[in-house]
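Before any comments, here is the structure.
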There are 2 protein chains.
Amino acid sequence: MSRARSLAPEAGRPRMTDIARIAGVSVATVSRALAGSPRVTEETRERVAAAVRDTGYVVNRMARSLRLQEARQILVLVPNIANPFHAAVLLGAEEAAVAAGFHVLIGNTAGDPARAEDHARQLLTGAVDGMLILGGALPETLKAPALRRRLVAVIERIVTSGVPVVEIDNQAGGREATRHLIGLGHRRIGHIGGSLPTTATPKRFQGYADALAEAGLALEPELVRYGTFSIPTGTEQMAALLALPQPPTAVFCGSDEIAIGAIRAIKQAGLQVPDDISIVGFDNIYFAAAYDPPLTTIDQPARQLGHAAMRLLADRLAGLDGPKRGVTVPYSLIIRGSTAAPKG
Amino acid sequence: MSRARSLAPEAGRPRMTDIARIAGVSVATVSRALAGSPRVTEETRERVAAAVRDTGYVVNRMARSLRLQEARQILVLVPNIANPFHAAVLLGAEEAAVAAGFHVLIGNTAGDPARAEDHARQLLTGAVDGMLILGGALPETLKAPALRRRLVAVIERIVTSGVPVVEIDNQAGGREATRHLIGLGHRRIGHIGGSLPTTATPKRFQGYADALAEAGLALEPELVRYGTFSIPTGTEQMAALLALPQPPTAVFCGSDEIAIGAIRAIKQAGLQVPDDISIVGFDNIYFAAAYDPPLTTIDQPARQLGHAAMRLLADRLAGLDGPKRGVTVPYSLIIRGSTAAPKG
DNA sequence: TTGAAAGCGCTAACAT
DNA sequence: ATGTTAGCGCTTTCAA
């Protein structure tokens, strides 16, 4: 069949038997030499190494994986790689994977459960040894308890799944963002949250509520809005806040994208940030620092989160038992130009 | 060895022989039934399907790949996944890959040739059937002519390599961006380009020069600056342009990030965009539309580029011979708020 | 220290 | 239409 022919490796690619023949030993010895087994003479090892050099031999991963029953590959399930925040998580995950001797496959789900299922099946085919899940949703395929040890969630907790998660303390983050505003002297503070079905959104809101409470400030329901983690949500909800008889003087946004949208709405209304209204974002995406004004935000260290999650997964696959519930990575408040004391 | 044990599949995972036994046929028949071969009775096919359903059987990809001598995996070599533009290319590539029955592995090089070599070796191990290269640099490992048919470059041409490339017409893009400025009435137009070692940068400059020439405008060397595709380059070079005795009234930037940096420098100098100076970017990254002012830019359709590149690669791997040199994807000028007619 | 041989799970030629 | 069988290229007992 033509496809098989064309995908077949180049004719001359050497196999382990070739190396064995050239070095004048058996394949078993070549395999041992390559694996660095101590039970091989220095001289034999050298002869094998020479044959490998001469031929440019590289072990065949398929054969090796079939024999070893491990692919040394991890699949990262991500809702949208084009999201810079997800991409940064992926970056950290890839780094940690390479360090642990794994390669990473990406599975973009585009929020489509069917695509997630397709990718999840990779775990069953043996093509990947484990999966990192960014969406907060566990594909049906992976619900078998036996698969649990092969999964780790990042950023978003997968509720009632028993899958460990690597995340920041979203509630504390929301609290700190709001405290910052309160510390600046704001008393009428709004909140625009992201998607409600996530676990991060209610936690950030809770932190906001905590900070208000500890400062003796009333929580005014009309100042709390939700939508999605997007620029349009920021624009729309901020416009709604601005239309209030008594608009807030500061708003804690559930993401930097929401914050950017909110700032646009404020500018469109002829007002200034932070002069008229202060804005705090969340995530500290790449563009947060470049925006006008530069965003004050909670830094959610995407790369470290990805890194830590992959390390945890690699450990679990290696049979080490680490933290059952997952790990919490520190966040930090980054104060830039979008917040200031209220006027007057 | 403990790692082998822990990575081993769950005890109960069925193999094809199990299905054969349950369905009361041979493995060959199961294989045929699963492959949809016409030489299987409808009744047999049904029995096999039932056994598969009952057991939750999934074929083992390692065994299949070893036998077929194809991994159905593609590695995408990318300098930096966290770069939103690269991420968008990756997104398109992943979509096309899935459509063609491939899975995609990411290889982040972080601009490090050693890491690129490591990833490139994947092709030799048989773990991947082909590679998409985003960096413009060909790892030594891949220089063998026999590997050529397994490679496709995206965005950046790999000079003198014979590797087909999927890109836009950068020169035409630069020309159109500059013509737009000229059409607005600007006569003193600067250019801040990205990295000079790339092929895109000189091409975009050439387009700029073309447009100037066709309008009878002199090319003033002091108005042309280079750096990297980054915000700092935009800020620094724009500041230098502003310090000129007679600064330009418009600047064509080699990327949106450069444009954003340039706008910051202009604002810092107490001037306005587009009132005092017009700015055109390049790429149309996600944040281009959200910036203040929204960027006029050349849209380089990252996702389509990735998509087209992966399609081309899949075709080549399938033995189809398509365009030897690669394919050119259309760009477009997006006019937003960062450009206007010059004052006075 | 090294070699012979079994077998990982599958597909496909060959035989029936 | 179905079964038997030979590998794909490797690692790892088991023997020597």
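No hydrogens, no waters, no symmetry mates; every other heavy atom, side chains included, goes into these values. In what follows, chains are A, B, ... by sequence order, proteins preceding strands, each numbered from 1. What you see is a predicted model, and the numbers here were worked out from it, not measured in a lab.
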d(CD, B/Q69; C1', D/dC10) in whole Å: 12 Å

note: A/R72, atom CZ; D/dC10, atom P; distance rounded to Å ~ 18 Å

Of all the nucleotides listed (D/dG3, D/dC10, C/dC10), which has the minimum atom distance to the side chain of A/V59? D/dC10

Of B/S31 and A/V30, the one whose closest DNA chain C nucleotide lies more 5': A/V30

Check this for me: does the side-chain of A/R61 come within 3.5 Å of the base of D/dG9 through a donor and an acceptor? no

Under-4.0 Å side-chain N/O to phosphate OP1/OP2 contact, A/S65 with C/dC8: no

May I ask you to evaluate whether B/T29 reaches the phosphate of D/dG3, defined as a side-chain N or O under 4.0 Å from OP1 or OP2? yes

Would you say D/dT2 has OP1 or OP2 under 4.0 Å from some side-chain N or O of B/T44? yes

When you check the side-chain N and O atoms of B/R311 and B/H307, is any donor under 3.5 Å from an acceptor? yes

Closest to the B/A28 side chain, choosing from D/dC10, D/dT2, D/dT4: D/dT4

Just N and O in the side chain of B/Y57: are any of them under 4.0 Å from OP1 or OP2 of C/dC10? yes

Checking side chain to side chain contact (heavy atoms under 4.5 Å, CB included) against A/V78, which of A/V154, A/V89, A/L134 comes through? A/L134

What integer distance in Å separates B/R32:CZ from D/dA1:P? 10 Å

Measure the distance from CZ on A/R21 to C1' on D/dG9 and round it to the nearest whole Å. 15 Å

What is the distance, rounded to the nearest whole Å, between atom CD1 of A/I19 and atom C1' of D/dC10? 13 Å

For B/T41 and for B/A63, find the nucleotide of DNA chain D with the closest heavy atom, then tell me which residue's nucleotide is more 5'. B/T41

If you assign each of B/L66 and B/E42 to its closest nucleotide in DNA chain D, which residue comes earlier from the 5' end? B/E42

Within this structure, what is the CE-to-P distance between B/M16 and C/dA12, rounded to whole angstrom? 10 Å

In terms of heavy-atom contacts, does CZ of B/R47 have more than 12 from other residues, nucleotides or ligands at under 6.0 Å? yes

Assign each of B/T17 and A/V25 to its nearest nucleotide of DNA chain C by heavy atoms, then name whichever residue's nucleotide is nearer the 5' end. A/V25

Protein-nucleotide distance (A/L34, atom CG; D/dC10, atom P), rounded to Å: 9 Å

A/R13 CZ to D/dC8 P, in whole Å, measures 14 Å

Which part of the nucleic acid, if any, lies within contact of A/R39, taking any heavy atom under 4.0 Å across all strands shown: a base, the sugar-phosphate backbone alone, or nothing? base

Cut-off 3.5 Å, side chains only: do B/Q73 and A/Q73 have a donor facing an acceptor? yes

Is the shortest side-chain heavy-atom distance between A/L124 and A/T141 below 4.5 Å? yes

